[in-house]
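Here's the structure we're looking at; comments come further down.
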Protein chains: 2
Amino acid sequence: MADTNDLLRLDRQLCFTVYAAHHAFTAAYKAGLEPLGLTYPQYLVLLVLWEQEGLKVKEIGKRLHLDSGTLTPLLKRMEKGGLLRRLRDAADERQVRIELTEHGRHLQAEVLKVRQEIGCALGGAEEPIQDMRARLEGVIEQLSAPGSTRSL
Amino acid sequence: MADTNDLLRLDRQLCFTVYAAHHAFTAAYKAGLEPLGLTYPQYLVLLVLWEQEGLKVKEIGKRLHLDSGTLTPLLKRMEKGGLLRRLRDAADERQVRIELTEHGRHLQAEVLKVRQEIGCALGGAEEPIQDMRARLEGVIEQLSAPGSTRSL
DNA sequence: CACGATTAGGATGAACGCAACTTATTCTTT
DNA sequence: AAAGAATAAGTTGCGTTCATCCTAATCGTG
């Protein structure tokens with residue numbers, strides 16, 4: 001029988017396990033990223049830019065679910081660190097395009113090593129990892145579905 | 001064949017999906033918690049204290065994976081908000097015990113409603129949720145295993 | 001008892017992350 | 001062409017989160 005004590009038990013909350021997993025990933029990546037001068041969110045920005053360079057701030061924000069209030073200072077720090085350049089678009093001066101520097105591009109090889117080591121720590125098997133990832137995607141979708149807004 | 005582009009693709013990273021899920025949960029809870037004057041980490045602290053009152057700062061930190069640098073200001077804000085009291089332990093004055101106020105205790109009923117609504121948004125079925133939660137626990141364990149530190 | 005080590009909590013500084021607001025630019029509609 | 005709406009980025013303020021350092025209290029050993 002699920003009473004209040006059961007329903008609110010910390011060790012049964014998916015939301016807390018996700019929160020703890022986020023901490024664990026951040027900590028795990030930190031060891032590899034810090035020597036490269038990168039934070040974890042900066043690593044995510046690089047993942048996006050390695051896939052497609054010259055994106056606008058807005059487009060990066062859409063992929064990472066971050067707004068300009070977070071991205072502007074983050075990108076400025078990365079620019080100061082010599083990873084990328086922020087270029088005001090000539091055709092539409094409201095927009096800022098993000099280009100990687102040579103340094104930013106070459107970091108991909110180093111980061112790949114870090115990523116591989118995390119993969120190994122997880123057991124190396126790609127299939128069960130992707131299976132869980134897909135399920136988590138489903139949770140995100142349900143949490144952000146228009147219907148769930150109503151139910152809140 | 002998994003080349004660099006595949007391995008570093010954002011939409012294949014479990015770490016990013018976890019990061020995105022954390023955002024989604026925070027946003028989903030926010031709608032319900034804000035009217036109660038709570039943030040999401042404050043909600044987590046209450047979950048801990050509803051299970052066992054009078055815990056020391058250190059003990060709360062152990063359960064939530066947070067250190068004193070995070071908890072001290074967070075608990076002070078909650079004290080200011082009338083949710084709890086911080087009491088220096090008489091027997092060992094290094095320690096601070098956290099007691100809930102009446103208000104903090106009575107919030108449990110309100111929070112339970114919020115938690116139920118999130119549960120409904122996820123489909124309501126408890127079993128597959130707990131299954132995924134258990135798998136994520138496994139990931140956390142592997143990420144924080146002593147062996148993985150070596151491999152990083 | 002005294003000295004050093006350990007422990008708990010607090011203070012500070014840097015980096016996210018979000019909400020709310022501002023500014024500059026572009027688009028729309030008349 | 002001009003007024004107003006919409007859009008992109010930036011700014012500010014608050015709350016977390018961590019690393020690092022600091023202080024006070026307690027413990028352990030001689």
Side-chain angles (χ1 to χ4, degrees), chain A residues 16 19-31 33-35 37-46 54-81 83 85-98 144, chain B residues 15-16 19-31 33-35 37-46 55-62 64-81 83 86-98 144:
Chain A
F16 174 66
Y19 172 90
H22 171 56
H23 284 185
F25 268 116
T26 304
Y29 271 100
K30 181 167 199 153
L33 293 178
E34 198 155 68
L38 293 174
T39 65
Y40 181 69
Q42 290 173 8
Y43 159 73
L44 295 179
V45 168
L46 288 180
L55 289 173
K56 293 173 277 186
V57 175
K58 190 87 172 188
E59 292 168 334
I60 297 175
K62 182 164 192 168
R63 284 164 173 73
L64 299 180
H65 311 310
L66 295 173
D67 70 358
S68 70
T70 301
L71 280 174
T72 296
L74 188 121
L75 292 170
K76 281 184 175 176
R77 280 187 289 270
M78 292 178 78
E79 184 178 40
K80 189 176 289 183
L83 297 162
R85 279 181 293 269
R86 297 161 61 252
L87 306 168
R88 194 62 68 171
D89 188 306
D92 184 343
E93 297 206 349
R94 290 172 302 182
Q95 304 174 159
V96 169
R97 294 195 173 276
I98 309 299
S144 43
Chain B
C15 68
F16 174 67
Y19 172 90
H22 170 55
H23 286 185
F25 268 117
T26 303
Y29 271 99
K30 180 166 201 158
L33 293 178
E34 199 155 69
L38 292 174
T39 66
Y40 180 68
Q42 289 172 8
Y43 160 74
L44 294 180
V45 168
L46 287 181
L55 289 173
K56 294 173 274 186
V57 174
K58 190 88 175 187
E59 292 168 333
I60 296 174
K62 181 162 193 170
L64 299 180
H65 312 309
L66 296 173
D67 70 358
S68 71
T70 301
L71 280 174
T72 295
L74 188 132
L75 292 170
K76 281 185 175 178
R77 280 188 286 271
M78 292 178 78
E79 184 177 41
K80 189 176 290 183
L83 296 162
R86 298 162 61 253
L87 305 168
R88 194 66 65 175
D89 189 306
D92 184 343
E93 296 208 350
R94 290 172 303 181
Q95 304 176 158
V96 170
R97 294 195 174 276
I98 310 297
S144 42

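Proteins get letters first, then strands, A, B, ... in listed order; numbering begins at 1 in each. Side chains are part of it too, since the values below use all heavy atoms of this structure and drop only hydrogens, waters and symmetry mates. On a predicted model such as this, the values are computed, not experimentally measured, just so you know.
Phosphate contact (OP1/OP2 of dC18(C), side-chain N/O of T26(B), threshold under 4.0 Å): absent. Between dT17(D) and Y40(A), no contact under 4.0 Å exists linking OP1 or OP2 to a side-chain N or O. Taking only side-chain nitrogens and oxygens, Y19(A) comes nearer than 4.0 Å to OP1 or OP2 of dT17(D). At dT11(D), one or more side-chain N or O atoms of K76(A) fall inside 4.0 Å of OP1 or OP2 (strictly under the cut-off). When the side-chain nitrogen and oxygen atoms of R86(B) are compared with OP1 and OP2 of dG10(C), one or more of them lie within a distance under 4.0 Å. The phosphate of dT16(D) has OP1 or OP2 within less than 4.0 Å of a side-chain N or O from Q42(B).
In this view, T26(B) and H22(B), Y40(B) satisfy the side-chain contact (heavy atoms from CB on, under 4.5 Å) rule, not counting sequence neighbours.
Whole-Å rounding puts the L33(B) CG to dC18(C) P distance at 16 Å. Rounded to whole Å, atom P of dG9(C) lies 9 Å from atom CZ of R97(B). To the nearest angstrom, P of dT7(C) lies 12 Å from CD of Q95(B). Between the CG atom of L64(A) and the C1' atom of dA15(C) there is a distance of 16 Å, rounded to whole Å. Note: CG (L75(B)) to C1' (dA8(C)) measures 13 Å, nearest angstrom. Remark: C1' of dG10(C) and CG of L66(B) are 16 Å apart, rounded to the nearest angstrom. For the pair R88(A) CZ and dT25(C) C1', the interatomic distance rounds to 9 Å; values are reported in whole Å. In this entry the distance linking CD of E34(A) with P of dC16(C) reads 12 Å, nearest Å.
Separating the CG atom in L64(A) from the CD atom in E59(A) is a distance of 12.0 Å, to the nearest 0.5 Å. Taking CZ from R97(B) and CG from D89(B), the interatomic distance works out to 5.0 Å, rounded to the nearest 0.5 Å. Interatomic distance, K56(A) NZ to Q95(A) CD, rounded to the nearest 0.5 Å: 4.0 Å.
You'll find that the side chain of R77(B) is closest to dG15(D), out of dG15(D), dT26(D), dC18(D). Between dG10(C), dG17(C), dC18(D), one nucleotide has an atom nearer to the side chain of P41(A) than all others, and that is dG17(C). Counting only heavy atoms from C-beta on, K58(A) has its side chain closest to dA9(D) among dA9(D), dC16(C), dC18(D). Here the nucleotide nearest the side chain of L74(A), chosen from dG9(C), dC16(C), dT26(C), is dC16(C). Side-chain proximity of T39(A) to dG10(C), dC16(C), dC18(D): nearest is dC16(C). Checking dA6(D), dT26(D), dT17(D) against every side-chain atom of R94(B), the shortest atom distance belongs to dT26(D). Nearest to the side chain of D67(B), among dC18(C), dC18(D), dT16(D), sits dC18(D). For T70(B), counting side-chain heavy atoms from C-beta on, the closest listed nucleotide (dA9(D), dA19(C), dT16(D)) is dT16(D).
Comparing L44(A) and D89(A) by the nucleotide of DNA chain C whose heavy atom lies nearest to each, the residue mapping closer to the 5' end is L44(A). Sequence order on DNA chain C of the closest nucleotides to D92(A) and P73(A) puts P73(A) first from the 5' end. The 5' end of DNA chain D is approached more closely, in terms of each residue's nearest nucleotide, by K56(A) than by the other of K56(A) and K30(A).
With hydrogens and angles ignored, no donor-acceptor pair closer than 3.5 Å exists between the side chain of T72(B) and the base of dG9(C). Between the side chain of S68(A) and the base of dG10(D), a donor-acceptor pair under 3.5 Å is found.
H65(A) comes within contact range of the sugar-phosphate backbone alone, with a heavy-atom separation under 4.0 Å but no base atom that close.
Side-chain contact between T39(A) and R77(A) is absent, with no heavy-atom pair separated by less than 4.5 Å. Under the 4.5 Å side-chain criterion, counting only non-hydrogen atoms from C-beta, L66(A) is not in contact with L44(A).
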Take L83(A) and L38(A) through the side-chain contact (heavy atoms from CB on, under 4.5 Å) test and state the conclusion after the steps.
CA-CA 10 Å; L83(A) 297 162; L38(A) 293 174; 3.6 Å; yes

